[in-house]
Amino acid sequence: MKFTVLTLFPELVDPFFGHGIIARAVEKKAIAGRSVNIRDFSCDRHNTVDDRPYGGGCGMVMKPEPLSAAIRAAKAEAPGSRVVHMSPQGRPFDQKLALELAEEGNGLIFICGRYEGIDERICHSLVDDEISIGDYVMTGGELAAMVIIDAVTRLLPGVLGGETSAEIDSFQNDRLEYAHYTRPPEFETMAVPDVLLSGDHQKIERWRQASSLKRTFLKRPDLFKQRSLDPEERKLLKTWCQELETLINE
Ligand SMILES: C[S@@+](CC[C@H](N)C(=O)[O-])C[C@H]1O[C@@H](n2cnc3c(N)ncnc32)[C@H](O)[C@@H]1O
């Protein structure tokens with residue numbers, strides 16, 4: 001997967017490809033990432049990339065000419081890539097969209113806006129998709145692009161290897177992931193649940209399923225609307241309800 005980030009601040013984006021799992025994905029050639037400085041495509045000797053908005057008002061708008069030249073150059077380097085405009089007005093980014101983007105065979109080109117955003121005509125002519133990472137406004141699209149690259153990369157084949165699996169992650173199955181513990185077995189009087197030390201893999205699996213369900217129920221009950229309970233989940237939740245009832249009546 002080829003990621004190209006069109007930005008006025010490449011120095012913000014470039015180090016991102018040099019750390020942790022993302023750096024390992026680059027080494028394994030599962031991804032290639034680069035930034036393109038939109039300013040390199042400006043058309044005047046002052047390297048102007050923004051201008052005042054037509055109709056007046058505050059702030060500046062990113063000019064269309066440098067942007068269109070940068071997008072076309074990026075597309076020539078990575079033909080067939082999907083051009084994504086980072087925008088608070090775009091469709092909300094979530095795990096489902098991450099999975100969709102991970103299927104994008106050719107690559108992704110991200111346009112990172114600054115100031116009041118980009119000239120609307122770019123959106124009409126050169127953008128395939130508009131994505132938001134949440135209902136808040138940031139100063140630029142770089143962090144948003146990095147959020148997406150990060151979430152998409154860990155879904156690509158071979159990136160996580162054996163040590164972690166994206167399949168059991170939160171949201172993957174419309175549920176939150178179960179609780180995790182590591183050594184020591186007791187920390188500040190809090191003990192690891194006995195079952196996790198038992199070595200009984202069937203029991204551990206059941207405990208994890210129940211943990212995942214409880215956490216979803218307590219933290220994100222809205223996820224149950226995305227996928228209704230299957231019979232096994234129904235059974236586990238009923239057992240939990242019975243345990244709660246016993247506790248209340250004690
Ligand atoms: C200050 S914002 C512009 C916001 C714009 N005036 C509006 O109200 O819709 C500058 C740039 O940051 C990026 N940005 C800000 N918030 C974002 C979000 N929630 N998701 C994705 N990109 C965002 C976009 O690229 C945007 O062009």
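Reckoned from all heavy atoms, side chains included, excluding hydrogens, waters and symmetry mates.
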Hydrophobic cluster partners of L197 (side-chain heavy atoms under 4.5 Å): Y181, V192, V195, L196, I204, W207
Non-hydrogen side-chain atoms of T153 and F3 separated by less than 4.5 Å: yes
Member of R220, Q209, R227 meeting the side chain to side chain contact (heavy atoms under 4.5 Å, CB included) criterion with R175: R227
Atom of R215, atom of A179 and distance for their closest heavy-atom approach: NH1-CB, 3.2 Å
Heavy-atom pair of closest approach, residues H19 and P15: CD2-O, 2.9 Å
E77 side-chain N/O to A74 backbone N/O, donor-acceptor pair under 3.5 Å: no
V159 to K28 - nearest heavy-atom pair and separation: O-NZ, 3.3 Å
Residues clustering with I168 (ILVMFWY side chains joined when closer than 4.5 Å, directly or via others): Y178
Joint hydrophobic cluster, V147 plus Y136, side-chain heavy atoms closer than 4.5 Å: yes
Trace of the side chain to side chain contact (heavy atoms under 4.5 Å, CB included) decision for M86 with M146: CA-CA 11 Å; M86 301 318 310; M146 288 188 272; over 6 Å; no
Results of salt bridge (charged side-chain N to carboxylate O under 4.0 Å, His left out) for K96 - residues two or more places apart only: D174
More than 12 heavy atoms from other groups under 6.0 Å of CG on D135: no
Whether over 12 other heavy atoms sit under 6.0 Å from R121 CZ: no
By side-chain hydrogen bond (donor to acceptor under 3.5 Å, both in side chains) - contacts of Q89 (at least two apart): none
Check: S212 main-chain N/O paired with T216 side-chain donor or acceptor under 3.5 Å: yes
D94 side chain reached by L97 side chain, heavy atoms, under 4.5 Å: yes
Straight-line distance of E205 CD to D200 CG, nearest 0.5 Å: 11.5 Å
Evaluation steps, side chain to side chain contact (heavy atoms under 4.5 Å, CB included), between V5 and I149: CA-CA 10 Å; V5 183; I149 294 170; 3.7 Å; yes
Atom CZ of R72: over 12 foreign heavy atoms under 6.0 Å: no
Considering all heavy atoms, the nearest T246-Q242 contact: OG1-O, 2.8 Å
Heavy-atom donor-acceptor pair, D119 side chain to K63 backbone, under 3.5 Å: no
More than 12 heavy atoms from other groups under 6.0 Å of CD on E11: yes
From CA spacing to verdict: side chain to side chain contact (heavy atoms under 4.5 Å, CB included), M60, E116: CA-CA 6 Å; M60 300 294 271; E116 288 309 314; over 6 Å; no
S132 side-chain N/O to G134 backbone N/O, donor-acceptor pair under 3.5 Å: yes
For the student: nearest non-hydrogen atoms of I38 and C112, plus distance: CD1-O, 4.3 Å
Side chain to side chain contact (heavy atoms under 4.5 Å, CB included) assessment of E100 paired with R82: CA-CA 12 Å; E100 182 191 318; R82 193 193 303 201; 3.2 Å; yes
Side-chain donor/acceptor of S81 to backbone N/O of I109, under 3.5 Å: no
ILVMFWY network linking L244 to L218, side-chain heavy atoms under 4.5 angstrom: yes
Spacing of CD1 belonging to I111 relative to CD1 belonging to I118, to within rounding of 0.5 Å: 5.0 Å
More than 12 heavy atoms of other groups within 6.0 Å of H180 NE2: yes
Other residues, nucleotides, ligands: >12 heavy atoms within 6.0 Å of K203 NZ: no
M1 to G107 - nearest heavy-atom pair and separation: SD-CA, 3.7 Å
Contact check, side chains of I122 and M62, non-hydrogen atoms, under 4.5 Å: no
Connected-component partners of L176 among ILVMFWY, side-chain separation under 4.5 Å: F171, L223
Spacing of OG1 belonging to T7 relative to CG belonging to N37, to within rounding of 0.5 Å: 7.0 Å
E142 and R114 ion-paired at < 4.0 Å: yes
Whether S170 side chain and E177 backbone form a donor-acceptor pair below 3.5 Å: yes
Heavy-atom side-chain contact between E233 and L236 under 4.5 Å: no
Sub-4.5 Å side-chain heavy-atom contact between L8 and Y115: yes
Pairwise side-chain contact, K2 with I31, heavy-atom cut-off 4.5 Å (strictly under): no
Within 6.0 Å of CG in D194, more than 12 heavy atoms from elsewhere: no
Remaining members of hydrophobic cluster (4.5 Å side-chain criterion), L155: L99
CD (E186) with more than 12 external heavy atoms under 6.0 Å: yes
T239 side chain vs K235 backbone, donor-acceptor pair below 3.5 Å: yes
Nearest-0.5 Å distance, CH2 of residue W240 to CD of residue E243: 9.5 Å
Parallel, tilted or perpendicular: rings of F224 and F217 (30°, 60°): tilted
Atom pair CG (L156) and CD (E103), whose distance is rounded to the nearest 0.5 Å: 9.0 Å
Side-chain heavy-atom pair C123, E130 within 4.5 angstrom cut-off: yes
Spacing of R206 atom CZ and E232 atom CD [to the nearest 0.5 Å]: 5.0 Å
L101 and I131, any side-chain heavy atoms less than 4.5 Å apart: yes
Joint cluster assignment, V61 & I71, ILVMFWY side-chain distance < 4.5 Å: no
